[in-house]
Amino acid sequence: MYIGETVDLYKRFNTGYGNISPKNCYQGGQPTNCKINNLILNKYLNNEITSVYFVHTSDYKRIEKSVLSKVKPYYNGR
């Protein structure tokens, strides 16, 4: 449903997706974080399984672009 790239997974997760912050859902916030946090919360509330996959690579920009063009995940760019 969402594909993203980062140089520092720990920082991105713990200051973004792992940090549920209402400010992300308002003007000037991080709307992607809000969408992903909401998606995970709704899955949890519905007792659904949420899976997270990681790929370690130094070529993350190319990999992300390639996967995005093939998969066209729902939460990227919306």
- [ ] Measure from the side-chain N and O atoms of Ser69 to the backbone N and O of Ser66, and report whether any donor-acceptor pair falls under 3.5 Å.
- [x] yes
- [ ] Taking side chain to side chain donor-acceptor pair (under 3.5 Å) as the test, write out the residues that go with Lys43, two or more places apart.
- [x] Glu48
Task: Same cluster (ILVMFWY, side-chain, under 4.5 Å), Leu68 and Ile63 - done: yes
Task: Distance, nearest 0.5 Å, that separates CG of Leu41 from CG of Asn46 - done: 9.0 Å
